[in-house]
*Asks:* 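Below you will find the structure I want to go over with you.
The first residue of the sequence shown is numbered 1, and numbering continues consecutively from there.
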Amino acid sequence: MKKFLTLTLLSLCLFTTTAMAQTSTTSTSAATKQTKRGPVFRATKDQINQAQAILKTRGFYNGEQIGKLDEATREGLRKYQQAEGLKVTGTLNKITLEKMNIALTEKQKSR
């Protein structure tokens with residue numbers, strides 16, 4: 001009886017350890033797949049300057065047109081995106097550039 005009980009406990013421990021190892025491997029590979037992203041969309045300095053001018057005209061930005069996405073520009077973009085019914089990201093993405101009628105580069109068009 002003791003041998004049977006010992007064998008049963010040993011089998012149970014082995015089964016549990018194997019199941020936990022499989023679950024751990026599965027969740028790790030799933031997490032790896034989720035973190036992969038496509039190429040990053042980047043606006044040019046000229047596009048940022050144009051966007052800052054539009055934001056300034058619309059009253060969403062009060063800073064200088066420096067061609068950099070500083071925090072004031074990002075806040076202005078958030079306000080603009082919300083006013084235009086776009087996804088509010090605070091970034092100068094393809095959809096926002098198109099909505100502002102700012103020309104995309106050939107590389108940006110292909111993304």
Side-chain angles (χ1 to χ4, degrees):
M1 183 70 176
K2 284 185 179 180
K3 286 183 181 182
F4 178 73
L5 199 58
T6 304
L7 186 59
T8 304
L9 282 173
L10 183 60
S11 299
L12 185 60
C13 287
L14 183 61
F15 176 75
T16 305
T17 305
T18 304
M20 289 175 72
Q22 288 177 348
T23 303
S24 174
T25 304
T26 304
S27 63
T28 303
S29 60
T32 303
K33 289 180 184 177
Q34 291 175 352
T35 58
K36 291 183 181 179
R37 297 174 59 185
V40 176
F41 185 92
R42 298 207 189 275
T44 65
K45 184 174 183 174
D46 184 52
Q47 289 170 329
I48 296 169
N49 273 325
Q50 291 177 55
Q52 287 171 330
I54 291 168
L55 292 172
K56 201 169 203 170
T57 302
R58 297 274 306 265
F60 296 126
Y61 177 70
N62 295 323
E64 296 296 318
Q65 290 175 234
I66 57 174
K68 291 187 178 182
L69 281 173
D70 58 2
E71 189 52 42
T73 305
R74 291 181 187 280
E75 183 58 33
L77 284 168
R78 285 185 201 96
K79 291 175 184 175
Y80 175 84
Q81 290 165 333
Q82 185 172 17
E84 293 296 322
L86 301 173
K87 182 178 180 184
V88 179
T89 62
T91 61
L92 199 50
N93 54 33
K94 185 176 181 177
I95 295 169
T96 304
L97 285 171
E98 289 172 340
K99 187 72 172 180
M100 292 177 150
N101 291 319
I102 297 174
L104 299 174
T105 66
E106 289 303 315
K107 188 176 180 180
Q108 291 169 334
K109 288 178 186 176
S110 65
R111 291 186 180 180

*Asks:* Are Leu77 and Leu55 side-chain neighbours, meaning at least one heavy-atom pair lies under 4.5 Å?
*Replies:* yes
*Asks:* Less than 4.5 Å apart, any side-chain heavy atom of Arg78 and any of Gln82?
*Replies:* no
*Asks:* Return all side-chain donor-acceptor pairs below 3.5 angstrom for residues 99-107, not counting sequence neighbours, or 'none' if the list is empty.
*Replies:*
unit_1	atom_1	unit_2	atom_2	d
Thr105	OG1	Gln108	N	3.1
Thr105	OG1	Gln108	OE1	3.4
Glu106	OE2	Lys109	NZ	3.3

*Asks:* Quick check for you: to the nearest 0.5 Å, what is the distance between Arg42 atom CZ and Leu69 atom CG?
*Replies:* 10.0 Å
*Asks:* So Asn93 and Leu86, do their side chains get closer than 4.5 Å, heavy atoms only?
*Replies:* no
*Asks:* On a heavy-atom basis, which atom in Arg58 and which in Ala83 lie closest, and how many Å separate them?
*Replies:* NH2-CB, 4.3 Å
*Asks:* Can you check whether Thr89's main-chain N or O pairs, donor with acceptor, with Gln81's side chain at less than 3.5 Å?
*Replies:* yes
*Asks:* CG/Leu97 to CZ/Phe41 distance, rounded to the nearest 0.5 angstrom?
*Replies:* 5.0 Å
*Asks:* For residues Lys56 and Asn62, determine if any side-chain heavy atom of one lies less than 4.5 Å from a side-chain heavy atom of the other.
*Replies:* no
*Asks:* Using a 4.5 Å cut-off on heavy atoms from C-beta on, say whether the side chain of Lys87 contacts that of Ile95.
*Replies:* no
*Asks:* Could you tell me whether the side chain of Thr73 reaches within less than 4.5 Å of the side chain of Lys68, counting heavy atoms only?
*Replies:* no
*Asks:* Indicate yes or no: at least one non-hydrogen side-chain atom of Tyr80 is less than 4.5 angstrom from one of Leu92.
*Replies:* no
*Asks:* Is the CD atom of Glu98 crowded by more than 12 outside heavy atoms at less than 6.0 Å?
*Replies:* yes
*Asks:* More than 12 non-hydrogen atoms from neighbouring residues, nucleotides or ligands closer than 6.0 Å to NZ on Lys94, yes or no?
*Replies:* yes
*Asks:* Main chain of Tyr61, side chain of Gln52: is a donor-acceptor contact present, judged purely on distance under 3.5 Å?
*Replies:* no
